[in-house]
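Presented below is the structure to which this report refers.
Within every chain, numbering begins at 1; the chains are lettered A, B, ... in the order of the sequence lines, protein sequences first and strands thereafter. FYI, side chains are in, hydrogens and waters are out, and symmetry mates aren't considered; it's all heavy atoms of this structure.
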2 protein chains.
Amino acid sequence: MSAEERRESAVRAAVTEFARGGYKGTSTESIARRVGVSQPYLFRLFPNKQALFLAAAERCLEDTRGVFARASEGLEGEEALHAMAAAYQRYVIDEPDMFQMQMQMYAATAVAEVDGDTEFGERLRAGWLRMWEDVHLVLGADVDETTTFLAYGMLANTLASLGFPAGHRVWSGFYLSARPVS
Amino acid sequence: MSAEERRESAVRAAVTEFARGGYKGTSTESIARRVGVSQPYLFRLFPNKQALFLAAAERCLEDTRGVFARASEGLEGEEALHAMAAAYQRYVIDEPDMFQMQMQMYAATAVAEVDGDTEFGERLRAGWLRMWEDVHLVLGADVDETTTFLAYGMLANTLASLGFPAGHRVWSGFYLSARPVS
DNA sequence: ATAGTTAGTGATTGAGCAATAACTTTCTCT
DNA sequence: AGAGAAAGTTATTGCTCAATCACTAACTAT
């Protein structure tokens, strides 16, 4: 297998492992195991653990953008909004690793920032902004709509992280299409 | 100093340290240093590291509730909403440790849940729900208003975690009173 | 065929860290 | 005064983990 293909597998494995264990709580060993490769070899593919996390985080943002893009294809305004909300709901249910990776990424960015590591944050802000721009465009360049949509998304991530079960009162203020299946 | 007083200091120190380093990324040593006490003594005050984190997380939620309660005193509806938004803004600026602790808590809860640790999540859901109920009551028991208010709060936490500076476009869809100072 | 490159491994190192055990100091109450 | 409790310490253990080093196997192009 080519190094490039391995890197791809590694990123995927990293998303899963980091999502479940967090940055510090995940060993490079566990990622290597999931890839099916020796732990030291990961360090041939990525210069260090942080670079691997960054790649996983960026992948996660790109995937989310992809979900929105596919859901909103050919739609606009209110229709696009509901389609994206519904798609994100399914996405979160089908691949819980993805939104958990998001949460781990927000937490890790804050830590990196405290450590004086600016590049980490910059890369992730850029990725997040691309998502923002996508949504903004789809929602007719309406800033308020964009903000509200993303706000609901973040609250959903939070409630899901905390493990509030589907059907709990805290979900009752969501569009039906944005609630977990009840 | 009495054990109870020390415990109080420890919780405060834990909020700061965990907020900046995350759960796994923070050593009990660093917390002990901040308290001004030896590392092993922390284990007299708390059974283990997780219990200390839990206490810090619960404190953080209680503090946030307090901010909302004080801001909305004597107000209701729209007025209360804006007062709370403004107060939360100041709070996040004055004490960034607090919202960062929130993010660390969401990330850590997801990890605990994966590890099959149910009690951790239960305690934090209970704390979060108390906050939800408070806001709900103040906003005239309007579920949609409550959800929207908290959604904006969560988006604000996220953007702040990512380090988007005041004045950035991503903040432009917020109530003026909920934006970081520009 | 063989030189060079690319993919991959095993062994190790050095640091950091939660938790325990065994001990000491400082109050406090009669 | 002095016994008991409460507050606090030093030393240590046993583990985990990122990263490096030195090495091997397989492919590829002349």
Side-chain angles (χ1 to χ4, degrees), chain A residues 1-57 104-105 107-109 111-112 114-117 119-120, chain B residues 1-57 104-105 107-109 111-112 114-117 119-120:
Chain A
M1 199 180 280
S2 81
E4 212 40 68
E5 287 170 315
R6 280 290 191 213
R7 235 184 298 269
E8 171 60 25
S9 310
V11 169
R12 272 212 258 274
V15 168
T16 303
E17 292 294 324
F18 281 128
R20 298 179 187 178
Y23 179 55
K24 283 275 186 174
T26 300
S27 66
T28 55
E29 171 68 37
S30 73
I31 297 170
R33 234 190 340 262
R34 182 172 288 272
V35 182
V37 96
S38 71
Q39 179 259 345
Y41 189 55
L42 279 187
F43 289 83
R44 293 278 166 101
L45 303 173
F46 297 87
N48 52 45
K49 188 184 183 183
Q50 199 198 20
L52 181 50
F53 184 86
L54 192 53
Q104 297 302 341
M105 154 188 156
T109 308
V111 172
V114 169
D115 288 354
D117 182 344
E119 198 199 324
F120 192 81
Chain B
M1 198 180 280
S2 81
E4 213 39 68
E5 288 169 313
R6 280 291 190 209
R7 234 183 298 270
E8 170 61 23
S9 310
V11 169
R12 272 213 258 273
V15 168
T16 302
E17 292 293 325
F18 281 129
R20 297 178 187 179
Y23 179 55
K24 284 276 187 171
T26 300
S27 66
T28 56
E29 171 68 38
S30 73
I31 297 169
R33 233 189 343 259
R34 182 171 287 272
V35 181
V37 96
S38 70
Q39 178 260 343
Y41 188 55
L42 279 186
F43 290 83
R44 291 279 165 100
L45 304 173
F46 297 87
N48 51 44
K49 188 185 182 182
Q50 200 198 349
L52 181 50
F53 184 86
L54 192 54
Q104 297 301 341
M105 154 189 155
T109 308
V111 172
V114 170
D115 288 354
D117 181 344
E119 199 200 323
F120 193 80

Using whole Å, what does the distance between atom C1' of nucleotide dC17(D) and atom CD of Glu17(A) come to? 15 Å
Nearest whole Å is fine: how far is dC17(C) C1' from Tyr23(B) OH? 12 Å
So Ser30(B), base contact, sugar-phosphate only, or nothing? Heavy-atom distance under 4.0 Å. nothing
Should Gln104(B) and Thr26(B) count as side-chain neighbours, where that means a heavy-atom distance under 4.5 Å? no
Partner of Gln50(A) under side chain to side chain contact (heavy atoms under 4.5 Å, CB included), chosen from Leu54(A), Asn48(A), Leu52(A): Asn48(A)
Checking the side chain of Glu5(B) only, and the main-chain atoms of Ser2(B) only, is there a donor and an acceptor separated by less than 3.5 Å? yes
Determine, for Tyr23(A) and Lys49(A), whether the Lys NZ or Arg CZ falls below 6.0 Å from the six-membered ring centre while staying within 45 degrees of the axis. yes
When the distance from NZ of Lys24(A) to P of dA18(D) is rounded to whole Å, what number comes out? 9 Å
Please check the phosphate of dG16(C) (OP1 and OP2 only) for any side-chain N or O of Ser27(B) closer than 4.0 Å. no
Can you list everything that forms a side chain to side chain donor-acceptor pair (under 3.5 Å) with Arg20(B)? Sequence neighbours excluded, please. Asp97(B)
Report yes if a side-chain nitrogen or oxygen of Arg6(A) is closer than 4.0 Å to either non-bridging phosphate oxygen (OP1 or OP2) of dG8(C); otherwise report no. yes
From CZ of Arg33(B) across to P of dG16(C) the rounded distance in Å is 11 Å
How many Å lie between CD on Glu29(B) and P on dT10(D), as a whole number? 11 Å
When you compare the side chain of Phe46(B) with that of Val11(B), does any pair of heavy atoms fall below 4.5 Å? yes
What are the residues of residues 34-50 of chain B, sorted by number, that bring a heavy atom to within less than 4.0 Å of DNA chain C? Gln39(B), Pro40(B), Phe43(B), Arg44(B), Asn48(B), Lys49(B)
